[in-house]
Protein chains: 2
Amino acid sequence: MKKVKGNTVNNIDNEKFLELLKEGGYKITHGRISILEIFSKYHAPLNVEFISKHIKKPKLDAATIYRTLKSFEEKGILKRVDLRGDTTYFELNDHHHHHLICKKCGDIEDVEICEINKLSEKVLKYSLKFKTISEHSLEFFGFCVKCQRG
Amino acid sequence: MKKVKGNTVNNIDNEKFLELLKEGGYKITHGRISILEIFSKYHAPLNVEFISKHIKKPKLDAATIYRTLKSFEEKGILKRVDLRGDTTYFELNDHHHHHLICKKCGDIEDVEICEINKLSEKVLKYSLKFKTISEHSLEFFGFCVKCQRG
DNA sequence: TCAGAAATGCAAATAAATTGCATTTAGAAC
DNA sequence: GTTCTAAATGCAATTTATTTGCATTTCTGA
């Protein structure tokens, strides 16, 4: 089990990645593994720039990262996160959660509480034009303790 | 009171616009009035392209529209909406509501139900790093009746 | 009516994301 | 292990959204 700055990426993770890729009908490539490792390591919404900077050894071309992220999203491996910013963020689609985003420094905290499912039903019940609701995005914006002071 | 495709833009609206602009310290210009009229008429999240297409008479340059939208957002006249798309959408910031978005045709229905405030408090209570929550975005994605059939 | 500040148009610059194509590579078949 | 082919990648060029600089025009208050 090798240590990587704050988090651990171990064989279990690696096996999980391989399984994900095989299920998706993907070829196992260095780039895809690297990208999954980075998402696993930082476990946060990431954009192409960040991923590009944090891939070591054989760097990946940005075009490849864009293609990979889009494809992973279609396969449900990643989830697009609607933060407010100029670039698109993705995160691992492993468990449902939301975010608290600092409007000053951009720091993000995961929010595990979600009571939207019942609300979802209610919304659908009162809707005039919709038949199904399959997803929702919910993000909270405010100030973290540090920025509230400053 | 002049009729405009489906909706009505009347003197009351116009007075409201003038007031908004004056409060904001804006000069009253054709462009700003036109933009507000369009938001009032369609009462939906709009992007620059849509606004540009729907301004008649003296067209507005896209750069001006971008500048105006950004400024209106800062003054709280408009609100940015985080849909999923390549462009940024804004809508009138007149009352708090959410959206139901069709993943196929992009149709949008307003959702007036919002029970997030109490959830917001709970989220803040359990948060480790945040001091305040000032806003939230909540969007529902699914299929409208038409697209569910097709 | 006039001056100054603000607003606008136009063109150029940025920046994110996509695409075409030639080359490389994973992985199945032998 | 070798070979073959579709898939994956890198690179360059392109597209599209948004921003910016600057010269010109237009509000608005004196």
Side-chain angles (χ1 to χ4, degrees), chain A residues 14-15 17-38 45-75 77-90 106, chain B residues 14 17-38 45-75 77-91 106:
Chain A
N14 232 294
E15 275 172 35
F17 298 157
L18 293 178
E19 207 175 310
L20 270 178
L21 294 177
K22 280 178 189 163
E23 276 173 19
Y26 288 112
K27 286 187 179 177
I28 311 298
T29 65
H30 157 263
R32 289 176 178 147
I33 294 285
S34 296
I35 288 176
L36 289 177
E37 274 179 0
I38 290 178
L46 308 179
N47 63 9
V48 168
E49 193 195 358
F50 184 95
I51 293 168
S52 184
K53 277 189 189 156
H54 289 78
I55 283 187
K56 56 276 136 146
K57 294 243 193 178
K59 288 281 177 192
L60 266 195
D61 191 82
T64 302
I65 301 180
Y66 277 110
R67 280 187 281 234
T68 305
L69 296 185
K70 180 179 255 193
S71 165
F72 279 0
E73 188 196 8
E74 284 162 4
K75 282 285 196 312
I77 296 173
L78 293 178
K79 190 177 182 316
R80 177 184 298 252
V81 185
D82 296 318
L83 304 184
R84 290 171 183 173
D86 310 320
T87 61
T88 305
Y89 287 77
F90 293 89
Chain B
N14 232 295
F17 299 157
L18 293 179
E19 208 175 307
L20 270 179
L21 294 177
K22 279 177 189 162
E23 278 173 17
Y26 288 112
K27 285 189 178 176
I28 311 298
T29 65
H30 158 263
R32 289 177 178 147
I33 294 284
S34 296
I35 288 176
L36 289 177
E37 274 179 1
I38 290 179
L46 309 179
N47 62 10
V48 169
E49 193 194 359
F50 185 94
I51 293 168
S52 183
K53 277 188 188 155
H54 290 78
I55 283 187
K56 56 274 133 149
K57 293 243 194 179
K59 287 280 178 191
L60 265 196
D61 190 81
T64 303
I65 301 179
Y66 277 109
R67 280 187 281 233
T68 305
L69 296 185
K70 179 178 258 191
S71 166
F72 279 0
E73 188 197 6
E74 285 161 4
K75 281 284 195 311
I77 296 173
L78 293 178
K79 191 178 181 315
R80 176 184 298 254
V81 185
D82 297 316
L83 305 183
R84 289 170 184 174
D86 310 321
T87 60
T88 305
Y89 287 78
F90 293 88
E91 68 183 349

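All heavy atoms count here, side chains included; hydrogens, waters and symmetry mates do not. Residue numbers start from 1 in every chain, and the chains themselves are labelled A, B, ... in the order their sequence lines are given, proteins ahead of strands.
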pair B:Asp82-A:Leu83: side-chain heavy atoms closer than 4.5 Å | no
For side-chain contact (heavy atoms from CB on, under 4.5 Å), just list the numbers for B:Leu36 and B:Leu21, CA-CA rounded to whole Å, side-chain angles, deciding distance to a tenth of an Å, and then say yes or no.
-> CA-CA 10 Å; B:Leu36 289 177; B:Leu21 294 177; 4.1 Å; yes
Just call it for A:Arg32: base, sugar-phosphate, or nothing, with non-hydrogen atoms closer than 4.0 Å on any strand.
-> sugar-phosphate
Side-chain heavy atoms of B:Leu69 within contact of B:Ile51, under 4.5 Å = yes
Look at the side-chain N and O atoms of B:Thr68 and state whether any lies under 4.0 Å from the OP1 or OP2 oxygen of C:dA7.
-> no
Axis-to-axis angle for the helix from C:dT1-D:dA30 to C:dC30-D:dG1, ends of five pairs each, to 10°, equals 40°
Show your working on side-chain contact (heavy atoms from CB on, under 4.5 Å) between B:Asp86 and B:Asn47 and close with a plain yes or no.
-> CA-CA 10 Å; B:Asp86 310 321; B:Asn47 62 10; over 6 Å; no
Look only at the side chain of B:Arg32 and the backbone of B:Lys27, and say whether a donor-acceptor pair between them is shorter than 3.5 Å.
-> yes
Side-chain donor/acceptor contact of B:Lys27 with base of C:dA5 under 3.5 Å | yes
In chain order, what residues pass the ring pair (Phe, Tyr, Trp, His ring centres under 6.0 Å) check against A:Tyr26, with sequence neighbours excluded?
-> A:Phe72
Those residues that, when tested against A:Glu49, pass side-chain hydrogen bond (donor to acceptor under 3.5 Å, both in side chains) (two or more places apart) | A:Lys53
Note: chain A reaches DNA chain D at heavy-atom distances under 4.0 Å over the stretch, first to last nt, 5' to 3', of D:dA6 to D:dC11
Any chance you could lay out the side-chain contact (heavy atoms from CB on, under 4.5 Å) test for A:Ile55 and A:Ile35, step after step, and finish with the verdict?
-> CA-CA 8 Å; A:Ile55 283 187; A:Ile35 288 176; 4.1 Å; yes
Here the distance between atom C1' of C:dA26 and atom CG of A:Leu18, to the nearest Å, is 13 Å
Taking the side chain from A:Ser34 and the backbone from A:His30, do they hold a donor-acceptor pair closer than 3.5 Å?
-> yes
Just by modelled atom types, is the B:Thr64 backbone N or O under 3.5 Å from a matching donor or acceptor in the B:Thr68 side chain?
-> yes
By a strict heavy-atom criterion of less than 4.0 Å, which residues belonging to residues 57-66 of chain B are in contact with DNA chain D?
-> B:Ala63, B:Tyr66
Separation of C:dA17 P from B:Arg84 CZ (nearest whole Å) | 15 Å
Sequence neighbours excluded, which residues qualify as ring pair (Phe, Tyr, Trp, His ring centres under 6.0 Å) partners of B:Phe50?
-> B:Tyr42, B:His54
Comparing A:Arg67 with A:Thr88, nearest DNA chain C nucleotide closer to 5' gives the residue A:Thr88
Please report, rounded to the nearest Å, how far the C1' atom of C:dA16 is from the NZ atom of A:Lys70.
-> 12 Å
How would you label the contact of A:Asp86 with the nucleic acid (heavy atoms, under 4.0 Å): base, sugar-phosphate, or nothing?
-> sugar-phosphate
